[in-house]
Amino acid sequence: MAMPARAKLIDFGVQSVELMLTTGCNLRCSYCYQKRGAPRTMAPEVLDAAIRQLVSSRLDRPGLTLYGGEPLLAAALVRRALDRVRQWAPPRMRPDVQIVTNGTRLDEEMARLLVSRDVSILLSFDGVGPAQDDRGPGSFEQLDRLLVRLNHDHPKHLRERLAVKVTLTSRNVPFLSASFRYFLSRGVRVVDIYPVLPDDAGWSARSRRDLGRQLAEVVRRSVQEFRRSGQVPFRVFRGAASEPPADGAPTCGCGSRGLLSVDVDGALAPCSLLVPSTLGSQSRAIRRVVATLGDLHVTDPDLPDALLRRERRAHRLRFLAGLQNREGPHGACASCKARSTCHVCPVAVACNGGQVPAFHCDVNRLFARHRAAFVARASSPTAPSNHVAVRGQL
């Protein structure tokens with residue numbers, strides 16, 4: 001959800017707003033990084049202040065993300081946010097709205113509302129039954145029915161505005177290719193895979209070998225799907241490799257002046273992973289980062305200037321420094337062949353004493369290797385000649 005860092009010749013003001021609508025959740029994922037306490041919910045006036053910041057953007061398509069906890073436990077706030085966007089956005093503006101949900105509270109009425117407002121759905125769903133059990137035992141059947149219903153009632157929205165987010169752990173690696181095949185069979189056209197944060201204590205050399213075998217099967221299935229439909233369902237396989245961040249440049253948008261990550265009480269966090277209301281006690285380094293970049297509120301009268309000062313502080317933090325200052329289990333990140341597609345989260349690095357965790361490093365390197373294999377096979381002479389537009393994704 002964090003905004004990618006890039007050089008800005010023009011200050012467009014707010015570019016992305018993330019709203020922690022509630023800390024409450026109806027699942028208890030075994031790997032969840034958020035701390036659990038008495039549920040807290042965003043006050044309506046805080047939500048309104050955040051939406052006012054969003055519509056002040058000088059962009060035509062600023063981003064708005066609704067998340068939690070489980071945001072649909074605060075369904076009234078979801079409706080309020082969508083209504084406020086419709087009422088307050090200037091005529092030229094069409095905010096790109098997304099909701100991050102575990103799907104268990106996505107009933108027919110809410111689905112119709114999200115579709116009618118063109119809201120993207122990021123569905124947290126780890127795949128086939130044994131993989132999903134770590135997220136919520138017995139929830140696979142419920143989400144399977146949800147995908148069947150969406151495919152029947154809103155097939156266009158399912159194809160174009162729904163993505164599945166798989167949280168990868170050493171425990172669900174053996175089910176990854178089966179889960180990928182399952183998602184394709186249910187009409188899902190975008191699958192994102194993110195390694196669990198901040199680390200996976202069960203990761204091992206055997207896990208790494210297993211993931212390599214699973215990704216090889218994902219490559220094979222992805223090539224088949226591309227040749228059949230022109231679609232590239234695994235998002236990691238999309239897009240051209242880019243140049244790594246320049247020396248000293250931040251590796252993500254954490255602390256950026258254009259990103260407003262709003263906690264339930266209106267406090268502004270550096271990013272959605274570092275909201276104080278759900279931040280655990282696993283890392284003193286992370287708490288120092290939050291303290292350094294905190295003390296802002298969405299209602300502050302001099303917010304633009306305060307955000308600029310925060311961004312300058314963020315750029316001085318080693319926590320966000322470029323790849324040339326990082327070390328991983330395989331050596332210096334600056335010399336890594338996978339650095340141009342590195343998506344290792346700085347939060348995971350900071351929680352690991354400044355070193356890239358072996359789990360995150362291995363996942364990133366394997367993704368890069370199998371992405372190259374997919375591109376080579378999908379670009380072969382047997383690839384469909386009528387998919388020119390899709391080839392631009394490769």
Side-chain angles (χ1 to χ4, degrees), residues 1-4 8 10-24 40-69 71-101 110 113-114 116-122 253-278 290 293-314:
M1 291 188 282
M3 184 177 56
K8 301 183 185 72
I10 302 173
D11 179 9
F12 292 105
V14 174
Q15 298 181 47
S16 182
V17 175
E18 303 168 340
L19 300 184
M20 168 72 78
L21 297 185
T22 177
T23 64
R40 300 172 60 196
T41 301
M42 181 174 283
E45 57 269 23
V46 169
L47 183 146
D48 289 355
I51 300 299
R52 290 191 186 281
Q53 292 293 335
L54 175 78
V55 300
S56 73
S57 176
R58 292 185 287 279
L59 293 176
D60 292 338
R61 293 280 284 172
L64 173 63
T65 299
L66 310 175
Y67 75 108
L72 292 180
L73 293 177
L77 288 178
V78 172
R79 295 186 181 92
R80 186 183 185 96
L82 299 181
D83 288 344
R84 290 293 186 257
V85 167
R86 171 177 280 186
Q87 294 164 1
W88 294 346
R92 62 169 176 78
M93 181 184 288
R94 290 182 58 246
D96 189 5
V97 185
Q98 171 182 251
I99 187 166
V100 184
T101 175
M110 180 56 70
L113 175 64
L114 298 180
S116 70
R117 303 295 178 88
D118 198 29
V119 177
S120 294
I121 301 170
L122 184 56
C254 181
S256 166
R257 74 181 110 166
L259 173 65
L260 301 187
S261 190
V262 187
D263 204 351
V264 287
D265 61 358
L268 297 184
C271 77
S272 59
L273 296 177
L274 300 177
V275 291
S277 63
T278 60
V290 173
L293 301 180
D295 295 328
L296 299 181
H297 195 276
V298 70
T299 59
D300 288 346
D302 63 340
L303 191 56
D305 290 339
L307 289 169
L308 177 58
R309 291 192 295 270
R310 184 183 72 171
E311 182 177 79
R312 290 170 177 165
R313 293 196 302 271

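Residues take their numbers from the sequence shown, with the count starting at 1. Computed from heavy atoms alone, side chains included, the values below leave out hydrogens, waters and symmetry copies.
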A.B. asks: Shortest non-hydrogen contact from G68 to P71?
C.D. replies: N-CD, 3.8 Å

A.B. asks: What's the separation between atom OG in S116 and atom CZ in R86, rounded to the nearest 0.5 Å?
C.D. replies: 6.5 Å

A.B. asks: Side-chain polar contacts of residues 44-55 - donor-acceptor pairs under 3.5 angstrom, sequence neighbours left out - could you list them?
C.D. replies:
unit_1 : atom_1 : unit_2 : atom_2 : d
D48    : OD1    : R80    : NE     : 3.0
D48    : OD1    : R84    : NE     : 3.2
D48    : OD2    : R80    : NH2    : 2.8

A.B. asks: To the closest 0.5 Å, what do you measure between CG (L268) and OG (S261)?
C.D. replies: 8.0 Å

A.B. asks: Can you tell me how far apart OG1 (T101) and CG (L66) are? Round to the nearest 0.5 Å.
C.D. replies: 10.5 Å

A.B. asks: Ignoring hydrogens, what is the shortest heavy-atom contact between V78 and L21? Give both atom names and the distance.
C.D. replies: CG2-CD1, 3.7 Å

A.B. asks: Just by distance, no angles: are the side chains of T65 and E18 close enough, under 3.5 Å, to form a donor-acceptor pair?
C.D. replies: no

A.B. asks: For the pair V275 and Y67, evaluate side-chain contact (heavy atoms from CB on, under 4.5 Å) and give the outcome as yes or no after the intermediate values.
C.D. replies: CA-CA 12 Å; V275 291; Y67 75 108; 3.4 Å; yes

A.B. asks: Apply side-chain hydrogen bond (donor to acceptor under 3.5 Å, both in side chains) to R79 and list each qualifying residue two or more places apart in sequence or on a separate chain.
C.D. replies: none

A.B. asks: Using 0.5 Å steps for rounding, measure from the CG atom of D263 to the CG atom of L19.
C.D. replies: 10.5 Å

A.B. asks: Assess the residue pair V262 and M20 against the criterion (side-chain contact (heavy atoms from CB on, under 4.5 Å)); give the C-alpha distance rounded to whole Å, side-chain angles, the decisive distance to 0.1 Å, and a yes or no.
C.D. replies: CA-CA 6 Å; V262 187; M20 168 72 78; over 6 Å; no

A.B. asks: Who are the side-chain hydrogen bond (donor to acceptor under 3.5 Å, both in side chains) partners of T41, not counting sequence neighbours?
C.D. replies: none

A.B. asks: With sequence neighbours excluded, tell me which residues meet side-chain hydrogen bond (donor to acceptor under 3.5 Å, both in side chains) with T23.
C.D. replies: none

A.B. asks: Nearest 0.5 angstrom please: L77 CG to L72 CG, how far?
C.D. replies: 11.0 Å

A.B. asks: Mind listing the side-chain donor-acceptor pairs of residues 301-308 below 3.5 Å, one per line with the distance, residues two or more places apart or on another chain?
C.D. replies:
none

A.B. asks: Rounded to the nearest 0.5 Å, what's the gap from SG on C254 to CZ on R310? Could you check?
C.D. replies: 7.5 Å

A.B. asks: Could you tabulate the donor-acceptor pairs under 3.5 Å formed by side-chain atoms of residues 89-96, not counting sequence neighbours?
C.D. replies:
unit_1 : atom_1 : unit_2 : atom_2 : d
R92    : NH1    : L59    : O      : 3.0
R92    : NH1    : D60    : OD1    : 3.2
R92    : NH2    : S57    : O      : 3.0

A.B. asks: Carefully, step by step, assess Q98 and L64 under the rule side-chain contact (heavy atoms from CB on, under 4.5 Å).
C.D. replies: CA-CA 6 Å; Q98 171 182 251; L64 173 63; over 6 Å; no

A.B. asks: In chain order, what residues pass the salt bridge (charged side-chain N to carboxylate O under 4.0 Å, His left out) check against R40, with sequence neighbours excluded?
C.D. replies: D265

A.B. asks: I'd like to check the side-chain hydrogen bond (donor to acceptor under 3.5 Å, both in side chains) partners of T299; sequence neighbours left out, ordered by chain and number.
C.D. replies: H297

